[in-house]
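What follows is a short report on a single structure.
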Amino acid sequence: MEMEGALATVELKRRPRPHAIAYLISLVCYGLMLLPLVAIIFYSFLAPGDASDASQWSFTWDWYQALSHDESILEALTTSLIVAVVASLGSTSIGLLGALALHRSQFSRSELVSGLATLPLALPELVLGLASVIWFGTIGLSLGINSVIIGHITLTTAYVVTVINARLTDFDSAVIDAASDLGATPWQVARRVTIPLLAPAIGAGAMMAFTLSFDDFMISFFTAGVDHDTLPMRIYSMIRFGINREIYALSTVLILLTITGLGVSSWLRRRSI
Amino acid sequence: MAMLSIRQISKRFGAHNALRDASLDLGSGEFFSILGPSGCGKSTLLRILGGFEAPDSGSICLDGKDITRLLPSERPTNMVFQRYALFPHLSVAENVGFSLSLQKKVTASDRRRRIDEALALVAMDGLGERSVQSLSGGQQQRVALARAIICRPRVLLLDEPLSALDLQLRLRMQVELRALQRRLGMTFVFVTHDQGEALSMSDRMAVINGGHIEQVGTPSALYDRPATDFVASFLGTMNRVPVQFHAPCEHSANHVWVELTGGQRLRARWSEGTTMPPSGALVSMLVRPEKMGIREDCHGSTPRMTEAGDELTLSCRVADMAFHGATTQITGQLHDVDISVTATHLNRDGLPVGLGQGSRVRLVVKTEHILIAPDNARN
Amino acid sequence: MGRSSRIFLVPLVTWLGLFLVGPLLMVAVYSFLERGPYGDVIWQPTLANYTRALDPLYLRIYSKSLVLATSTTAVCAVLGLPLAYTIATAPKRWQPGLLGLLMVPFLTNFVVRVYAIRLILAAEGPINLGLLSLGLITEPIMMTDSTMAVALGMVTNYLPFMVLPIYVVFEKFDFAMIEAAKDLGAKGWPVFSRVILPLAKPGLLSGLSLVFVPVLGEYMIPDLLGGAKTLMLGGLITEQFLRVRDWPFGSALAMILVTAMMFVMWLQHRYRGIEARRGDGGRIGYSRT
């Protein structure tokens, strides 16, 4: 009993209590960020009618049913998934090889290359989008799913390089020396040591690339041309055409997917430790 | 002919001169230590031997073949890394068998046999299936050793392999490492900053400072006859007594004459590689505490030289005595210089009767144990 | 490594050259070209796009965007610092949950997030419904299509970019320091201004540019929440490309945006450099004693 009391005091002592104002601000922040999502979920189950009268509220699955029959949304979803899968595979391979080569390299231009590779992190997406569309016009690449994928790879490679590089600087680089000392060629070092050790970072980078690509609006907006709407573009044009309750249902699905994804990834992380 | 011959290796990192004209010759089956303070270039030299750094100039020959430009994977050398650098995703056996697994012609059963053999050599039998992260520091050390010797390299490079272990374990590993080296008859190049380790384990050793090899020789030669002030002070403690420089000795190189208070002259070795000061300048006389004998005080002027000039007698007052068990540390006052003398239990019986704080005693030292160095040198 | 692993760099360098450097250089080139009659370009060097960009009409848009970006960044800092501090000082086992609550909106689809804000501000949204049912108002307030709505959207969207870097700094932080400050007699404001704030500075600095730069170029939030009246720099540029089809002028505007962005990053870099030098000097002096 006494021991527990002592431990509790230590715990309290180690972490100061923030001022009441800090708690209040935090509460407001969480409210500001979460309330819109809660509202969307709530409205997605609300039957049509006067929303201002709580006594008339009634539950419905209608919007979800409408959603499942909306061909254009399914089509956009397919496009988005194809783009995200191809872009994340592409940027993960390019970024992985690049990060491996840049790590500990004595190549004099390596700082320039890594600076350029991570530039899209700092560049407004708008600029990358419009630059791509000008360039595709110049080199004669017609706009469509290919141009979207290319734009997304450029953007997401920056994240993959950053994530993998962080892991590379983290681990004891002597293991790479050790492997080559024991007779491994650079290719064997990569296959037998570096890549297995980087697996968690590669996974995280790929997941990040997938999420970013799946979420991206701006680059797709510029580079998709006509007839190749991604899901965010489809949602955007539905919004432009006026409020559509289907969007609430679709949004709810996306929010739940995000929560599931977060849960799975934190479960995986806990398992890997 | 030397088995491993290092010729005038230099390496710069930006403005930092890591190694300057380092040359060494190592014989087959030798336990060779490279000793120096941190940042002295010893690890750089080892990394150049392993092929992890390319020297700016100079060459390395192994068995008469120039290996300077070979990749680490192409050299018949293997390395035990400072923090072991075990592959965290592989088991103990997979770590040890890593180099064999890269060679297609080694069969699986042959590989298993050799892994077991290597593990037995480092007393890790039966732990092959464990994950390396579950091992203690000492066990990881053994795995790193087994991994590096399994292919029987011509030269095993060890980069401060014991520095991460606690004292008890370090002392045990010193003995085991030495025994293993003898059993395998392999050439070991052992880098360390611990002079005790280097002195007790090596057949021969090199002391390196500021990228420059100061002296090469057997541990006893380096300890008893240090060539430079740095070697002298780095390998154990030294007393420093100020004396006046007189002139270089005309008969033997590396020897000089210094003048003691009272006008007597003493001939002793001069610290190599330093420029001699003008006559009359202050220099230091370096003597190890345990090289000085303690006698009862008797009358007569001191300092005094014997007729043959091979022994110096100084007179001082005992300022402090500290009992350490096997040894007794006596601190004396010589003019205003503190001088420390070590008496081991073997000669403690021979100490003057009634020796205590304030007693006057004579200190006797052979001139061959004296080194003269510039005064501005490090303490 | 070295020689043979450089081949791994080939895909990355090729890709960057082909799809990042090339496009960006082309924007610079386009900004000096003339617009053709059918939305194409005439390869005729001109400075007209830049002189046109200095028209008071556009200057007003830039200043509006700058004011919005600055105030959004400031509000994010004021909210983000206490929030990061609260999360970092919460019991260890609560922290993943608290961060998770922050990550859900952060990772939810961007368009959905912005649209959700539009929903809560809408006439039939929860705020209006709440106020109506409390009898505080009789008619729904029109809150969308206003600068306030845009600002709210910006703050809620970019707040995590401010909170996460500050949290990372706080997480490694020895809170005994605050005890020490209190022990030395500091309390309240001095503890904040002399201990917490200076220590949070590296995170705060990254947060500032992580928020400011994208807000300056934001297109979607003003477009969905601001209505037609609130045209910002991002909207202006997008319009040149997708509606007006004046690519050279749009490129010139994009160049201005990139220049502003690089200026902010340079300022931040310089400030960090000064800080680091000052810090280092102190530390070297200390270690030599």
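Residue numbers begin at 1 in each chain, while the letters A, B, ... track the order of the sequences. Below, each value reflects all heavy atoms present in this structure, side chains not excepted, and no hydrogens, waters or symmetry copies.
With a 4.5 angstrom heavy-atom cutoff, C:V21 touches chain A only via side-chain atoms. Heavy-atom distances place the side chain of C:V258, and not its backbone, under 4.5 Å from chain A. Only the side chain of A:L34 comes within less than 4.5 Å of a heavy atom in chain C; its backbone stays farther off. Using a 4.5 Å cut-off between heavy atoms, C:L242 touches chain A through its side chain atoms alone. The contact between C:F19 and chain A is made by backbone and side chain atoms together, counting heavy-atom distances below 4.5 Å. Of the atoms belonging to A:V133, heavy atoms from both backbone and side chain fall under 4.5 Å from chain C. Within the 4.5 angstrom heavy-atom criterion, only side-chain atoms of C:I120, from C-beta onward, approach chain A. Within the 4.5 angstrom heavy-atom criterion, only side-chain atoms of A:T157, from C-beta onward, approach chain C. For A:L254, the part lying under 4.5 angstrom from a heavy atom of chain C is the side chain only. Contact of C:P126 with chain A is made through backbone and side chain together, with heavy-atom distances under 4.5 Å. At a 4.5 Å heavy-atom cutoff, the contact between C:L24 and chain A is made by backbone and side-chain atoms alike. Residue contact with chain A, scored on non-hydrogen atoms closer than 4.5 Å, involves the side chain of C:L257 exclusively. Contacts of C:D223 with chain A are made by both backbone and side-chain atoms, with heavy-atom separations under 4.5 Å. Using a 4.5 Å cut-off between heavy atoms, C:M261 contacts chain A through its side chain alone, with no backbone atom that close. Only the side chain of A:L262 comes within less than 4.5 Å of a heavy atom in chain C; its backbone stays farther off. Looking at C:I117, both its backbone and its side chain come within 4.5 Å of chain A, counting heavy atoms on both sides. In this structure, chain C has no heavy atom under 4.5 Å from any part of A:L231. Interface residue A:I153: backbone and side-chain heavy atoms are both found under 4.5 Å from chain C. Proximity to chain A (any heavy atom under 4.5 Å) is shown, for C:M262, by neither the backbone nor the side chain. Contact annotation for A:T138: only side-chain heavy atoms (C-beta onward) come within less than 4.5 Å of a heavy atom of chain C. Heavy-atom distances place both the backbone and the side chain of A:S26 under 4.5 Å from chain C. In this structure, the portions of C:L79 lying under 4.5 Å from any heavy atom of chain A include both its backbone and its side chain. For C:L210, no part lies near chain A; criterion is any non-hydrogen pair under 4.5 Å. Contact annotation for A:F42: neither backbone nor side-chain heavy atoms come within less than 4.5 Å of a heavy atom of chain C. Both the backbone and the side chain of A:I134 come within contact range of chain C, with heavy atoms under 4.5 Å apart. Both the backbone and the side chain of A:M33 come within contact range of chain C, with heavy atoms under 4.5 Å apart.
The candidate from A:T211, A:L130, A:I235, A:L257 with the greatest count of non-hydrogen atom pairs under 4.5 Å with chain C is A:L130. Put simply, of A:A122, A:G129, A:G261, A:S132, the one with the most heavy-atom pairs under 4.5 Å next to chain C is A:A122. Between chain C and the residues A:I40, A:T154, A:L121, the most heavy-atom pairs under 4.5 angstrom are made by A:T154. Chain C forms the most heavy-atom pairs under 4.5 Å with one residue out of A:C29, A:A39, A:G263, and that residue is A:C29. Between chain A and the options C:V27, C:L119, C:L83, the largest number of non-hydrogen pairs under 4.5 Å is found for C:L119. When A:A117, A:P124, A:A131 are compared by the number of non-hydrogen pairs under 4.5 Å with chain C, A:A131 comes out ahead. With respect to chain A, the highest number of heavy-atom pairs below 4.5 Å among C:V10, C:L25, C:V41, C:L107 belongs to C:L107.
For the pair C:L152 and A:L32, the minimum side-chain heavy-atom distance is below 4.5 Å. Put simply, the side chain of C:L9 reaches to within 4.5 Å of the side chain of A:L102, judged on heavy atoms.
Atom CZ of C:R113 and atom CD1 of A:I255 lie 10.5 Å apart (nearest 0.5 Å). Expressed to the nearest 0.5 Å, how far CG of A:D215 lies from CG of C:N109 amounts to 4.5 Å. Considering OH of C:Y219 and CD of A:E125, their distance stands at 13.5 Å, rounded to 0.5 Å. Rounded to the nearest 0.5 angstrom, A:I239 CD1 and C:M220 CE are separated by 7.0 Å.
In this structure, the side chain of A:Y30 engages the main chain of C:L98 through a donor-acceptor pair within 3.5 Å. Distance alone, capped at 3.5 Å, places no donor-acceptor pair between the A:W135 side chain and the C:L20 backbone.
The minimum heavy-atom distance linking A:P18 with C:T86 is given by the pair CG-CA, 4.0 Å. Contact record, A:I25 with C:V78: CD1-O, 4.3 Å, taken as the closest heavy-atom pair. Here the closest non-hydrogen pair linking A:L126 and C:G234 is CD2-CA, 3.8 Å. For the residue pair A:I150 and C:W15, the shortest heavy atom distance occurs at O-CZ2, 3.6 Å. Across every non-hydrogen atom of A:Y236 and C:L224, the tightest pair is CE1-CD2, 3.9 Å. Pairing each heavy atom of A:G98 with each of C:L12, the nearest pair is CA-CD2, 3.8 Å.
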query: Can you list the steps and then say if C:T238 with A:F222 is a side chain to side chain contact (heavy atoms under 4.5 Å, CB included)?
result: CA-CA 9 Å; C:T238 309; A:F222 273 95; 4.0 Å; yes

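Dense packing is recorded around CG of C:L134, with more than 12 heavy atoms of other residues, nucleotides or ligands lying under 6.0 Å away.
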